[in-house]
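A short worksheet on the structure shown next.
All chains are named by letter (A, B, ...) in the order of the sequence lines, taking the proteins before the strands, and each is independently numbered beginning at 1.
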Number of protein chains: 2
Amino acid sequence: MKTKNAVARKAVQAVKLPSLPQRPLRGARRESRRGDSTRLSILNAAERCFAQNGFDGVSLRTITEVAGVDLALVNYHFGSKDNLLREVIARRAKVVHEDRVRALEMARHEADASSPSIEAIVTAFLEPLLRRLSNGDAGWHHYSRLISQLDVLPKFTGLTGDVLDPTALHFINALRLALPKASPQSIYWGYMFLIGSMVQVISATGRIERLSRGLCRSGDIEGALHRLIPFISAGLRALGRQAE
Amino acid sequence: MKTKNAVARKAVQAVKLPSLPQRPLRGARRESRRGDSTRLSILNAAERCFAQNGFDGVSLRTITEVAGVDLALVNYHFGSKDNLLREVIARRAKVVHEDRVRALEMARHEADASSPSIEAIVTAFLEPLLRRLSNGDAGWHHYSRLISQLDVLPKFTGLTGDVLDPTALHFINALRLALPKASPQSIYWGYMFLIGSMVQVISATGRIERLSRGLCRSGDIEGALHRLIPFISAGLRALGRQAE
DNA sequence: ATTGATTTTCATTGAATGTTGAAATTGACT
DNA sequence: AGTCAATTTCAACATTCAATGAAAATCAAT
């Protein structure tokens with residue numbers, strides 16, 4: 001029934017969405033349309049609200065209130081709450097993916113003929129996202145916390161899979177080349193552990209402040225990276241040394 | 001406004017909960033009361049539902065339907081949905097905490113005068129929970145997935161803090177003794193990474209099946225532990241070696 | 001000024017939410 | 001049989017939810 005609803009909704013939405021002009025109608029390369037700022041406000045508000053209270057913990061009413069726009073505009077611009085979430089994620093995931101792939105290619109270039117070091121691979125994966133967290137843009141913070149939540153909720157694996165798996169497979173392949181003696185299974189598990197460690201940093205729940213009584217701070221990305229990269233690299237290398 | 005509602009609800013609930021007899025009224029050491037099986041059904045159903053769809057993604061109606069009991073019984077036995085969640089978690093967290101502390105004491109005993117090895121500490125932390133996941137009891141599976149979700153949601157840090165922080169501080173202290181050269185900050189971060197890696201295993205979202213195209217399985221706890229312990233141990237040791 | 005598509009507003013839909021009060025039932029005790 | 005508290009049932013409560021339909025407004029192009 002749930003799937004049927006989703007399908008029905010999707011079908012309706014495909015029909016009812018405003019017809020986006022596929023190519024610029026006018027001379028300018030890209031014509032900025034009237035509703036663009038509305039779309040942006042909604043995306044940003046949704047990102048913040050979803051991150052704070054989870055997808056099901058926030059209503060479209062709250063989101064539109066934060067965005068300062070009318071409730072009905074969500075369904076006009078995005079079709080449904082589900083689709084709003086998808087666009088919130090896709091927007092930034094695209095950026096991070098491209099940066100990560102580029103960073104990895106750079107590392108490969110520097111490594112010449114051989115494979116880049118584990119540290120280089122891990123850094124190429126972590127920095128594109130983590131560096132943005134210390135750049136003052138709260139949006140990236142919210143996006144990170146949202147990803148952390150979806151990563152762990154079974155009902156969203158479809159969504160996160162579509163968006164994040166390409167990056168994952170890209171880096172899993174790089175790790176395989178860098179750890180030729182590790183079994184394929186160890187590589188996959190190692191990648192999961194990598195993700196998990198990173199998620200603890202980007203989810204920024206404030207737990208480390210509480211545990212350390214203020215000695216460590218969730219927002220101290222430099223401090224986190226300074227430990228995260230050695231931790232993961234040493235862990236992965238240990239998997240590469242393993243007798244199987 | 002939201003906080004005010006929560007406070008009001010809590011106050012009401014404190015007044016309206018059925019007066020639980022503090023000590024056994026009759027001869028038997030512990031008199032099993034009539035509603036106990038109802039309580040259990042609700043706890044188990046809530047555990048399963050929360051794990052699958054998240055706290056806000058499930059209604060009390062769904063939970064009581066799964067439990068096969070009347071809707072009103074949730075508020076009769078637990079006072080509120082919030083409190084139901086708390087009891088769902090506390091029930092199993094208590095068991096795991098005791099097992100972990102006991103396992104750590106055992107490791108200390110075996111290590112004689114010196115500190116237990118990193119492997120021993122990490123194992124003492126991981127096994128009490130992970131071993132239960134391969135013992136057929138689906139409840140532990142649901143509990144683990146639920147913990148994974150709450151761990152990453154800001155709005156539940158109060159709850160998870162109350163329940164999980166004592167264990168955390170216990171093991172952080174053990175790690176400090178085992179890694180005398182590591183800075184306190186590195187220990188705290190290391191513990192966070194440990195948690196993160198573990199969460200990726202116990203959240204069991206099926207992602208590793210998809211990424212590895214069936215080569216690895218989320219349910220393969222032995223395989224996961226076989227990589228998780230070396231990964232984390234090597235990572236922590238690297239933090240201990242770090243120049244600071 | 002008029003057209004016509006895009007965007008916004010407003011009112012409302014039907015369903016689902018957590019919670020509650022009052023009556024009915026149960027079962028162990030006198 | 002009768003008592004009484006614990007438990008269960010049933011029917012509602014007032015909100016809130018996502019989504020929609022139709023009218024109003026906006027604005028560039030003719």
Tell me which nucleotide among [options] gets nearest to the side chain of [X].
X: B:R34; options: D:dA18, D:dG21, D:dT7; answer: D:dT7
X: A:R61; options: D:dT7, C:dT19, D:dC17; answer: D:dC17
X: B:Y76; options: C:dG21, C:dT6, D:dT7; answer: D:dT7
X: B:L73; options: C:dC10, D:dT9, D:dA19; answer: D:dT9
X: B:N75; options: C:dT17, D:dA19, C:dT20; answer: C:dT20
X: A:R33; options: D:dA19, D:dC10, C:dT7; answer: C:dT7
X: B:D70; options: C:dG18, D:dA6, D:dC10; answer: D:dC10

What is the separation between atom [atom1] on [X] and atom [atom2] on [N], rounded to the nearest whole Å?
X: A:F78; N: D:dT20; atom1: CZ; atom2: P; result: 16 Å
X: B:R39; N: D:dT8; atom1: CZ; atom2: C1'; result: 15 Å
X: A:I42; N: C:dT9; atom1: CD1; atom2: P; result: 10 Å
X: A:L71; N: C:dT13; atom1: CG; atom2: P; result: 15 Å
X: B:N83; N: C:dG18; atom1: CG; atom2: P; result: 15 Å
X: B:K81; N: C:dT19; atom1: NZ; atom2: C1'; result: 12 Å
X: B:I63; N: C:dG18; atom1: CD1; atom2: P; result: 8 Å
X: B:L60; N: D:dA12; atom1: CG; atom2: P; result: 20 Å

### Task
For the helix from C:dA1-D:dT30 to C:dA28-D:dT3, figure out the bend between the end axes, five pairs an end, and round to 10 degrees.
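Computed from the C1' atoms at both ends, the axes differ by 10°.
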### Task
State whether the number of non-hydrogen atoms from other residues, nucleotides or ligands found under 6.0 Å of A:E98 atom CD is greater than 12.
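Atom CD in A:E98 is packed in, count exceeds 12.
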Has [X] got a side-chain N or O lying under 4.0 Å from the OP1 or OP2 atom of [N]?
X: B:H77; N: D:dA6; answer: no
X: B:T38; N: D:dT8; answer: yes
X: B:S59; N: C:dA16; answer: no

### Message
With salt bridge (charged side-chain N to carboxylate O under 4.0 Å, His left out) as the rule and sequence neighbours excluded, what pairs involving residues 52-61 of chain A come up?
### Response
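Passing the test, one end in residues 52-61 of chain A: A:D56-A:K155.
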### A:R91/A:E87 ion pair, N-O < 4.0 Å
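Not counted as a salt bridge, because no side-chain N and carboxylate O are separated by less than 4.0 Å.
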### Task
May I have all residue pairs that pass side-chain hydrogen bond (donor to acceptor under 3.5 Å, both in side chains) and include part of residues 130-146 of chain B, sequence neighbours excluded?
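Counting only pairs at least two positions apart or across chains, the side-chain hydrogen bond (donor to acceptor under 3.5 Å, both in side chains) contacts touching residues 130-146 of chain B are B:D99-B:R132, B:E127-B:R131, B:R131-B:E222.
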### Message
Tell me every residue that passes ring pair (Phe, Tyr, Trp, His ring centres under 6.0 Å) with A:F171, counting only those two or more places apart in sequence or in another chain.
### Response
A:F125
What side-chain donor-acceptor pairs closer than 3.5 Å can you find for residues 198-206 of chain B, not counting sequence neighbours?
from, atom 1, to, atom 2, distance (Å)
B:Q200, NE2, A:D151, OD2, 2.8
B:S203, OG, B:V199, O, 3.0
B:T205, OG1, B:R207, N, 3.4

### Task
Starting from the 5' end of DNA chain D, give me the residue, A:F55 or B:G35, whose nearest nucleotide shows up first.
B:G35
### Message
By the ring-ring contact (aromatic ring centres under 6.0 Å, His included) test, which pairs, at least two apart or in different chains, include something from residues 199-223 of chain A?
### Response
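Applying ring-ring contact (aromatic ring centres under 6.0 Å, His included) to every pair that reaches into residues 199-223 of chain A, excluding sequence neighbours, yields nothing.
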### Message
If you define the side chain from C-beta out and look only at heavy atoms, does anything of B:N44 sit under 4.5 Å from B:E47?
### Response
yes
